Structures are given as C-alpha cells and as structure tokens.
Amino acid sequence: MATISDVAKLAGVSPSTVSRTCSNHPSISERTKERVRQAMAQLGYEPNFQATSLATQNSRTFGILLPPLDCDAYQKSFYLEAIRGIGLFCNQKQYTNAILTGQSEEELLQGVQSMVKSGRAEGFILLYAREDDPIIDYLQNEGILYVLIGKAKKSLGETIYVDNDNIQAGRELTTLLLDMGHRRVAYISDEWEHNYAQDRKSGYLLALTEHGLPVRPEYILEGSGLPEENDGKLTALFSLPERPTAIIASDDVLAVALERAARGLGLRIPEDLSVAAFNDSLLSRLACPQLTSVNINALQLGIEAASQIINHIENPDLLATKIIVPHRIVERDSCCPPREKEAD
C-alpha cells in the first residue's frame, strides 16, 4: 500500500506538501497540487483525512516531544535550555507550543496521535533522535511536519534536523586528552540508543585510530540511565590492571556521577583520572574540580529548531533543511597530563 512518503517522492515534494494538497490548502500552488494529485492517482494512494486535518488548521501551535525516559534524564539541563530557545523564538513569531512526553514509547505515541486527530498542532519538534523510533515512523507515514534536534539516520532527504557535528566534537575532545599524553582513554554513555551518543563515540574511535591506538572494548561502557552507587561495571573498569587514565562521558551529569564513583575507589580527579564531558551545563562549573566540557549551544539548537518548523509551516514547499550548530570545548580543571608518561 502506498504511503504519503511514496507520493512525496514521486511528486518531488515534501510529505507535508502532500498532506496540504489533500486538504486543498491555499498555500500550495495549483501547479504543485496537480503534480501531487497525479502521483496519488498513479500510486492509488488514499489520504488519511484525520492526519491531513493538521494542514487545514491555522493553530500557530506545535508540539515539543521529550523522549520517553525515566525522571533522571530530565535533570539534564539540555532539555530545559532547548525548550527555552524554542520558546524565545516562538514569542517573536506569536506561536505557541505544547510539551509531550510519556513513560513509554506507546504512551508518547498515543499523545502525538491525540494531538494529530484533534488538529491541535501543525507539526512537532523532537528533542531527541534515535533509530527505529515508532513516533518518527508514524509522523513520516502520515506526512506530518516534524523537526529533529539530532541527526537523522534514515530518510535523510525528507527529514529536517538541527544538530551539532557530534563526530567532530567527540574527535576533538578525545584528541585534547591524547595531546596531554593520555593513551588509555575510556568512553561511557548513559543514552547509548540516541544518535548523538553514537556519533560522539564514533569521534572518540576516530581519534584513537588517527593516533595509532588500539580500541579496547573494555574501555567502552554503554547503558541507559545514570549509574547506581557501587556500579559493578564502573568498579570493574577502574580496577583493571591497566585502568584508564582519562574518561569521556557523553553528558556532564554522567561525568559527575563518574567522578563520585572514582573517588569512592580512592582515585583523585584529575591526578589519577582526567574526566571530560559534553553539554557544559551549570553542573560543569559547580563540580569540584570544574569539568572540562563541550558546549553544544543547546539554546541555539532550540532557536534553530523553532525557526525551521515555523519556516516550513509557512512555506510548505521548502526542501528539508539540515542545520549544524557550532560547538566549542571549555577547558577546566578536571583534566591534566597523566602522572607518568604512557607508552604509545
């Protein structure tokens, strides 16, 4: 059975343009409508009028989707800063938004479907990006406008996203530690299923390869949620005969938890273990010692995401855009050269 994405591809337009054509939206030119209708006829496509009702509304409202995670995840300042950026831009353009989340993918999907069926939103911003997401699949199949904060891994030509170059950021942060003389550098993530964490790990691996260093699987820990007190995997990592002298955490909240675990095993930061991370939240400056971290400009990510969704709402024939927000490393006291020179 043909989908709205199939029609969009054949007609050479975005799925949201197909959706608006189905509702005879005045923002779509007659020439484009005719091309879309011909593609629909050729494929035998039958529109979902509940979904396309989004295109007939002028609600000036869109949904903001938080990932379905446990409460620890929402203590990370990234989400608050991104939402603040979205809100600042919406205020200028007189748009409003509604925040949705859930304890599971199913619960969040039900919330999205409810907004779609009621016509209360013209699209969605997702504050996360990961593979095999049923919510993204639903939005794509129904031709509903959405913007990712994070890089898309499939349907690249049809997906609007705003992101950092997380591969380069991971590469630069790892290189910083290697240039200090570290040769045993570990990487740990607490949201391994998210695309940003995979990209940061790719940058870490790239830097090791560029410096001719082996990849040690025991130095890479990936899980979901913050580590508990006396976490067995961390204890095993820090108890290795050749334990890492530096560690990169995918988030600064995780980095602070790592520092606590390391101190519990008698390790000093940074003399025995250098720690570096991403996000550069207030926690990075409150940590003792203050944390070296990559500033990803979360506020700007939110502003750009809001700008893109409003621009595509008001100009539905635009091609899917990809925006890269720059990052920078903020060096602080949590990293220093290893006490003894390590062999290459």
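Here the structure is a predicted model, which means the values were calculated and not measured.
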Backbone of Ser77 reached by a side-chain donor or acceptor of Ser281 within 3.5 Å: no

Residue set satisfying salt bridge (Lys or Arg N to Asp or Glu O under 4.0 Å) with Arg37, at least two apart, ordered chain then number -> none

The remaining residues in the hydrophobic cluster of Leu282, counting side-chain heavy-atom contacts under 4.5 Å among Ile, Leu, Val, Met, Phe, Trp and Tyr, are Leu286

Q | Pair Arg31 + Glu34, salt bridge at N-O below 4.0 Å | A | no

Sorted by chain and number, sequence neighbours left out, side chain to side chain donor-acceptor pair (under 3.5 Å) with Thr175 holds for none

- Query: Hey, does the side chain of Asn97 reach the backbone of Phe62 with a donor-acceptor pair shorter than 3.5 angstrom?
  - Reply: no

Applied to residues 171-182, the salt bridge (Lys or Arg N to Asp or Glu O under 4.0 Å) test, sequence neighbours excluded, yields Arg171-Glu210

Sorted by chain and residue number, the side chain to side chain contact (heavy atoms under 4.5 Å, CB included) partners of Leu10 (sequence neighbours excluded) come out as Ala39, Gln42, Leu43

Residues passing the side chain to side chain contact (heavy atoms under 4.5 Å, CB included) test with Asn311, sequence neighbours excluded, are Asn315, Leu318

Handout entry: Test item: Arg328 side-chain N/O and Asn295 main-chain N/O as donor-acceptor pair under 3.5 Å
Key = no

dist Cys336:SG -> Arg268:CZ (nearest 0.5 Å) comes out at 9.0 Å

### Query
Going by atom types only, do Glu191 and Tyr128 share a side-chain donor-acceptor pair under 3.5 Å?
no

task: Could you tell me whether the side chains of Glu304 and Gln308 share a donor-acceptor contact shorter than 3.5 Å?
output: no

* **Any donor-acceptor pair under 3.5 Å from Ser114 side chain to Gln110 backbone** => no

By salt bridge (Lys or Arg N to Asp or Glu O under 4.0 Å), Glu105 pairs with (sequence neighbours left out) Arg130

For Thr96, the side chain to side chain contact (heavy atoms under 4.5 Å, CB included) test, sequence neighbours excluded, returns Thr61

Taking side chain as C-beta onward, heavy atoms only, is Leu221 less than 4.5 Å from Leu237? yes

| field | Donor-acceptor under 3.5 Å (Ser334 side chain, Ala276 main chain) | value | no

Report yes or no: do Asp252 and Asn279 form a side-chain donor-acceptor pair below 3.5 Å? no

CZ of Phe78 to CG of Leu127, rounded to nearest 0.5 Å, is 6.0 Å

Salt bridge (Lys or Arg N to Asp or Glu O under 4.0 Å) filter on Asp199, not counting sequence neighbours, yields Lys151, Lys153

Quiz prompt | Chi angles and distances behind the side chain to side chain contact (heavy atoms under 4.5 Å, CB included) call for Leu148, Ile136 | solution = CA-CA 9 Å; Leu148 295 181; Ile136 291 177; 3.8 Å; yes

- Message: Between Asp133 and Ile135 (side chain of the first, backbone of the second, donor and acceptor by atom type, cut-off under 3.5 Å), is there such a pair?
- Response: yes

*asked:* Quick one, Phe238 and Leu273 - any side-chain contact, counting heavy atoms below 4.5 Å?
replied: yes

- Looking only at atom types and distance, does a side-chain atom of Gln290 sit under 3.5 Å from a main-chain N or O of Asp333, one as donor and one as acceptor? no

Is a side-chain N or O of Arg60 found less than 3.5 angstrom from the main chain of Lys93, in a donor-acceptor match?
yes

Joining Ile, Leu, Val, Met, Phe, Trp and Tyr whenever any side-chain heavy atoms lie under 4.5 Å apart, the cluster holding Tyr196 also takes in none

CG of Leu283 to CG of Asp280, rounded to nearest 0.5 Å, is 10.5 Å

One should read off an interatomic distance between Ser307 OG and His312 NE2, to the nearest 0.5 angstrom, of 9.5 Å

Hits for salt bridge (Lys or Arg N to Asp or Glu O under 4.0 Å) against Lys9, two or more places apart or cross-chain, chain-then-number order -> none

Tyr204 meets the ring-ring contact (aromatic ring centres under 6.0 Å, His included) criterion, sequence neighbours left out, with Tyr187

So CD1 of Ile86 and CG of Asn91: to nearest 0.5 Å the spacing works out to 12.0 Å

message = Please determine whether a side-chain nitrogen of the Lys or Arg among Asp165 and Arg200 lies less than 4.0 Å from a carboxylate oxygen of the Asp or Glu.
response = no

